[in-house]
Number of protein chains: 2
Amino acid sequence: MTSSLQADPQRVGEVLYKTLRDRIISGELRPGTRLSVPALAEEFRVSRSPVRDAVIRLVQENLAAETMNRGAEVARISRAELVSLYEAREVLEGAVARLATEKYDAALRRSLLALLTEHRTVAEQGDFARHLELDAAFHREIRQAAKSPVLARMLDGVQSRVLVAMRSTSLTGGMVQAVHDHQAIFEAIGSGDPEAAELAARAHIHRLKELLSAAD
Amino acid sequence: MTSSLQADPQRVGEVLYKTLRDRIISGELRPGTRLSVPALAEEFRVSRSPVRDAVIRLVQENLAAETMNRGAEVARISRAELVSLYEAREVLEGAVARLATEKYDAALRRSLLALLTEHRTVAEQGDFARHLELDAAFHREIRQAAKSPVLARMLDGVQSRVLVAMRSTSLTGGMVQAVHDHQAIFEAIGSGDPEAAELAARAHIHRLKELLSAAD
DNA sequence: TCGACACTATCTGCATGCAGTGTTGAACGC
DNA sequence: GCGTTCAACACTGCATGCAGATAGTGTCGA
């Protein structure tokens, strides 16, 4: 071992992939931005190979799009595709809510309750940035509790692309309403009724999708 | 233009990716098979670069798994993950059935009916290989009709990995029962009731999942 | 006979070379 | 002023070089 306590990856390509992914999701790299392999290689002071690897992975994940002999650019996600993403998200969130209910325990109850409590305060205070974090955290908690790696991975992919799309389409969606929906999901999960939990989660996402279609 | 009439890809890496993907899905490359980049490069008479690109894409798609400094091998899909795949597939097939119902037209009716008719004959005759094809075709027709690229892509990924998993776990599942389920889905879609279509599709996949859990 | 160790072969992962191609912009004609 | 031509540039995509790491093999000692 050299020095630090890092466990797994430390392949340059892996680090680059995660870095670029973060920059895309955070909006630092906006949709349409060219992903020039030589330029990125120079920026990160590495050769072109690991950069190319990272870009290929981003393309495969639909976070970037490539044209023949023109390389890749950060994906531009259309309104139509955003709706399609929400169609997927609706049923996937429903599924994880159902599974989480079947695996419900005190630890899950505590963490969801903590998130919900803070979220309510934050929403009333109008802290939008923190609202987004708590919103994401709430859903993340549920999908981790569902213990379905397949569904979790899909939701991750959907969520990433939704965030990218949001860079051009700000869907605020109402913080108070979000808290209200989350409360309903929490109660359904807590009641031990998988069916109710699924319906509550679906209704939550469905409402967001409708907002999306309405807003032009 | 050189000679042939092929339109888009013509990147070596793209062709390799599709070829390897097909071989994995078809079972020609069995789970656990090492994907040695130099060996594949020699087999296909190309350099290691496009092979590496293809392997990276397979890994990103979870059709291959890699270990640090040991490269990739064809994914081994556990029983637990197969169940997880079916949990995802259940809700995804439900979603596309719902959407297909909303977009139902005569063309869809014709193609589904044709598939269903042949499927019934084939099932009675006990032609298992053809049964698998028709089964897949039926679901493919519905998810194309749904016109949701996001859901379609997810289902493709799920289906690929299910096929890989099936190489070690033969789940026959009853051809006649499959036809019966498909008939119910067809009728629900045709009736124009999205809710019913979703439920029918989900019930179909759910039944397969139960079979999976039961069979050891 | 059996285990430890060193050695070899092979592969991964990063770096780099290079031909073909798309893009840009400037010179030129009109 | 405006459109066209063409040449320089930049980048993609494939090929290849190479250091480090890992697995497999054989040898030696007990």
Side-chain angles (χ1 to χ4, degrees), chain A residues 1-21 24 29 31-76, chain B residues 1-21 23-24 29-76:
Chain A
M1 189 172 296
T2 52
S3 60
S4 58
L5 42 79
Q6 51 226 358
D8 34 317
Q10 272 27 3
R11 272 174 302 184
V12 177
E14 182 80 13
V15 174
L16 285 174
Y17 163 69
K18 288 180 181 164
T19 304
L20 290 175
R21 190 175 195 281
I24 291 173
L29 287 171
T33 306
R34 289 287 305 275
L35 295 173
S36 161
V37 171
L40 290 171
E42 182 170 13
E43 175 181 349
F44 291 102
R45 305 288 175 182
V46 295
S47 81
R48 305 189 315 262
S49 298
V51 176
R52 181 177 172 76
D53 293 356
V55 170
I56 287 176
R57 293 178 64 179
L58 293 171
V59 169
Q60 190 69 7
E61 214 174 324
N62 276 336
L63 285 176
E66 62 182 0
T67 325
M68 183 62 172
N69 288 330
R70 269 190 45 82
E73 62 177 44
V74 178
R76 304 173 195 267
Chain B
M1 190 174 294
T2 52
S3 60
S4 57
L5 44 80
Q6 48 228 356
D8 36 315
Q10 269 30 4
R11 271 173 304 185
V12 177
E14 183 79 12
V15 175
L16 286 173
Y17 164 69
K18 288 180 180 163
T19 303
L20 290 175
R21 189 176 196 281
R23 290 196 183 175
I24 291 173
L29 287 171
R30 301 183 61 84
T33 306
R34 289 287 307 275
L35 295 172
S36 161
V37 171
L40 291 170
E42 182 170 13
E43 176 181 348
F44 291 102
R45 305 288 175 182
V46 295
S47 81
R48 305 190 314 262
S49 297
V51 176
R52 182 177 171 77
D53 293 356
V55 170
I56 287 176
R57 294 178 64 178
L58 293 170
V59 169
Q60 191 68 6
E61 214 175 323
N62 276 337
L63 285 175
E66 62 183 0
T67 325
M68 184 61 172
N69 289 329
R70 269 190 43 83
E73 62 178 44
V74 177
R76 304 173 195 266

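Labels below follow one simple rule: chain letters A, B, ... track the order of the sequence lines, proteins then strands, and each chain is numbered from 1.
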Heavy-atom check, side chain of B/Val51 versus side chain of B/Val12, under 4.5 Å = no

Rounded distance (Å) that lies between atom C1' of D/dC14 and atom CZ of B/Phe44 | 16 Å

Which part of the nucleic acid, if any, lies within contact of A/Leu40, taking any heavy atom under 4.0 Å across all strands shown: a base, the sugar-phosphate backbone alone, or nothing?
-> nothing

For A/Arg48, check salt bridge (charged side-chain N to carboxylate O under 4.0 Å, His left out) against everything at least two apart and list the hits.
-> none

Does the pair B/Thr19 and B/Phe44 meet the rule for a side chain to side chain contact (heavy atoms under 4.5 Å, CB included), with working shown?
-> CA-CA 10 Å; B/Thr19 303; B/Phe44 291 102; 4.0 Å; yes

What nitrogen or oxygen pairs link the protein and nucleotides 7-10 of chain C at under 3.5 Å?
none

Shortest non-hydrogen contact from A/Arg57 to B/Ile56?
-> CG-CG2, 3.5 Å

Could you tell me which non-hydrogen atom of B/Gly13 sits nearest to which non-hydrogen atom of B/Ala54, and how far apart they are?
-> O-CB, 3.9 Å

Between B/Asp53 (CG) and C/dC14 (C1'), how many Å, whole number?
-> 14 Å

With the threshold set at 4.0 Å, does a side-chain nitrogen-carboxylate oxygen contact exist between A/Glu14 and A/Lys18?
-> yes

Heavy atoms of B/Ala75 and B/Pro31 approach each other most closely as O-CB, 3.3 Å

Here the residues of residues 54-64 of chain B within 4.0 Å heavy-atom distance, strictly under, of DNA chain C are none

Does the side chain of A/Arg52 get closer than 4.0 angstrom to OP1 or OP2 of D/dG13 through an N or O atom?
-> yes

Test item: B/Leu35 and B/Leu29 side chains (from C-beta on) under 4.5 Å apart, heavy atoms | yes

Less than 3.5 Å apart, which donor and acceptor atoms pair up between the side chains of residues 62-74 of chain B and the rest of the protein, not counting sequence neighbours?
| unit_1 | atom_1 | unit_2 | atom_2 | d |
| --- | --- | --- | --- | --- |
| B/Glu66 | OE2 | A/Arg11 | NH1 | 3.0 |
| B/Glu66 | OE2 | A/Arg11 | NH2 | 3.3 |
| B/Glu73 | OE2 | B/Arg76 | NE | 3.0 |

What heavy-atom pair brings B/Arg52 and A/Asp53 nearest, and what distance separates the two atoms?
-> NH2-OD2, 2.8 Å

Given atom CD of A/Glu66 and atom C1' of C/dT21, what is their separation to the nearest angstrom?
-> 16 Å

Its contact letters, B for base, S for sugar-phosphate only and - for none at protein heavy atoms under 4.0 Å, make nucleotides 15-22 of chain D read BBBB--SS

Determine the contact category for B/Leu16: base if any of its heavy atoms lies under 4.0 Å from a base atom, sugar-phosphate if only primed atoms, P, OP1 or OP2 are that close, otherwise nothing.
-> nothing

What is the distance, rounded to the nearest whole Å, between atom CD of A/Glu42 and atom P of C/dC14?
-> 19 Å

Grab the CD-P distance between B/Glu73 and C/dT12 for me, whole Å please.
-> 12 Å

Among all residues two or more places apart in sequence or in another chain, which pass the side chain to side chain contact (heavy atoms under 4.5 Å, CB included) test with B/Ser36?
-> B/Pro38, B/Ala39

